[in-house]
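Before any comments, here is the structure.
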Amino acid sequence: MSLVIENLHAKIEDTEILKGVSLEIPKGEVHAIMGPNGSGKSTLSKILAGHEDYEVTAGTATMDGEDLLEMEVDERSRAGLFLAFQYPSEVPGVSNANFLRAARQARLPKGEEIDAVKFYHEMYEKMDVLEMDRKFTARAVNEGFSGGEKKRNEILQMMMLDPKYCLLDETDSGLDIDALKVVAKGVNAMRSPDRGFLLITHYQRLLDYIQPDHVHVMADGKIVRSGGKELALELEEQGYEFLKEVAAA
Amino acid sequence: MSAVLEQEKVKFPDWYEKRRSEAQAEFDKLDWPTRKDENWRFGSYKEGYLGDAQIVHGGEPMNLPAPAIKDSVRFIFFNNELVKTEGEVPEGVIAGPMSEVFEKAGDCIAKILPPLQGRLGSPKLAAMHRAKSEGGMAISINGAVDKVIEVVHVVAGEGATVLPQILLVAMEGAKGRVVERFVNADAEEAVTVVSVSDLIAFGQSELRYLVSQELNQKSRFIRLADSKLEKSAKVKAGSILTGARWAREETYSTVDGEEGSSEILSVAIPASGQEYDQRTFQHHGAAHTGSDLLFKNTLFGNGKTVFSGLIFVDEGAHYTDAYQTCRNLFMSDEAEANSMPGLEINADQVKCSHGSTSARVSDEEIYYLCSRGIDPNSARRMVAQGFSAEVVEKLEDEELEEFAFGRIDAKFEEVSS
């Protein structure tokens, strides 16, 4: 049972961004992708989540054997994929609680209604883990939230939707160290043999708090190196200089 | 017109009959709207022609709707004739058909009854209404009244024109809430409704007044609304436009007493084949007055809106705070919104702003909601509901908000199905 990406190529308008990405994330594992700006890391997560700006030109992506690329955006989510956005959208006038409720309701069979009492109880419990004030339930989704609040809100959604595979796109960016610890606590609480994670990050810092099983380096639309968590430390020390050698080779 | 029977003429006091005959003379002198009429710019002026109207009053009541608000006191009119009252009229409220209320309190009413309406483009229709309408609802509120007063106009008769009316008076220090609804008895009948509402809020009164236009999409709706606020009166007047093929509202708000403040709110949701035309005037006649207009239109299919608004601050009405905002959200590329905001300030130390925006529903917002498993239709609906929510929440009244959201949700449900 894995999220499997094979030889994935994708473009936006005429620019090819992914040039053959292959990666397997089995359940129970945490993988991290690092790499310089513009290497295609965020694009990979957006394509997996079905963003319509990108066109897949070759390759496959499957989730537990199901063809992810054939599914609509909402179907992917209901099938168990979750993307924590780098820049989450604001949705004015839609309260956080109503949004989460609608997302949970969408997972129920037709005709079945969500148990509101249980739902709120669960939401409050998870908000406590993330040290979120209860007033966030009534506020419009991400509207006027600080960068850190938005990221916590992403993790709250992830916790409430109980996905099989979680993609976290630069969740650490814009977070101070305290917020980072809280977010990491939320992610770590969700680690389980039934769930796979893909963390996309620029910095090793996040990986101090969420220990990955595997680290991959992406450059120019491809995975150019893979290794254990020590690879992240190496990158932190040496930067991405070695990529020039890879490119030259 | 089989469902509609001509009823016996309603008896009015002499002073009112005199007004009616004066209105008839006025009607004869005035012209119907034309293409060149500035007050009908971008609008469908031909819809404002009612020269061949078959005016009906009363009839055999049928298909009266269920209460919209729990525990309200309800007055149901069928073709502008009161046919049913439900719930006990609360203490402090005098309410009933205009002819009866005029009989009881004629002199007082005569003094406060506002001048002829239609200053925003439809003087002829206003004159027609006064000359031909057989009354309507009169409500006077004294003291703080908890119960919502619900006035429902059920209209019937293929090709008929109905002339409902409401006179709403909040006495000094009074507090109350009124909901007025317009519905058809028959989903297939094309009915024209020309409704007049006069609202007078005396000193320190606080009034919430919500109008819901729920007619079928064959019908036509015109509403001429006038309000006058005295010292420290606070009025929130809102309208929810979801029905009718074509609807026009002319809203004239006058704040004449210091510290008076008027909120004018609207949510309009035209779908394909529907056109809503709203003209407003925020008139400040005294210093230290406030008005705040917020209109939000969500347009589906080839739905069309027209908004024309003017803030007018009289000489001497210093320290006025007046705001006017009209926002359009396009749910399709075929929809059309026309906005003409305006300001005229003749006083000092005034804070005024006006603005209008139009935007297409954001693909990023829809994508974000879908990425959480919400299907695209529901996601679009949530965004549109969220857009309207700001207006509804300004009512600051749980029961009225629940009713308004119910109407808005029903319309979105209808549009997306």
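These numbers come from a predicted model, not from an experiment. Residue numbers start from 1 in every chain, and the chains themselves are labelled A, B, ... in the order their sequence lines are given, proteins ahead of strands.
To the nearest 0.5 Å, the span separating CE on Met158(A) from CZ on Arg372(B) amounts to 10.0 Å. One distance of note links SG of Cys370(B) with NE2 of His51(A); it measures 11.0 Å at 0.5 Å rounding.
Within 6.0 Å of the CD atom in Glu6(A), the count of heavy atoms belonging to other residues, nucleotides or ligands does not exceed 12. Dense packing is recorded around CD of Glu112(A), with more than 12 heavy atoms of other residues, nucleotides or ligands lying under 6.0 Å away. Annotation: Lys27(A), atom NZ; neighbour count of heavy atoms from other residues, nucleotides and ligands within 6.0 Å is above 12. For Glu70(A), the CD atom sits in a loose shell: 12 or fewer heavy atoms of surrounding residues, nucleotides or ligands are nearer than 6.0 Å.
Only the side chain of Arg107(A) comes within less than 4.5 Å of a heavy atom of chain B; its backbone N, CA, C and O stay farther away. Both the backbone and the side chain of Tyr367(B) come within contact range of chain A, with heavy atoms under 4.5 Å apart.
Scanning residues 355-364 of chain B against chain A with a 4.5 Å non-hydrogen threshold yields Asp363(B), Glu364(B), sorted by number. At a heavy-atom cut-off of under 4.5 Å, chain B is reached by Phe82(A), Leu83(A), Ala84(A), Phe85(A), Pro88(A), Ser89(A), Glu90(A), Val91(A), Pro92(A), Gly93(A), Val94(A), Asn98(A), Phe99(A), Ala102(A), Ala103(A), Ala106(A) from residues 80-106 of chain A, listed in order of number.
Shortest non-hydrogen contact noted between Pro376(B) and Asp74(A) is CD-OD2, 3.7 Å. Of all the heavy atoms in Ser77(A) and Gly373(B), the pair that sits closest is OG-N, 3.0 Å.
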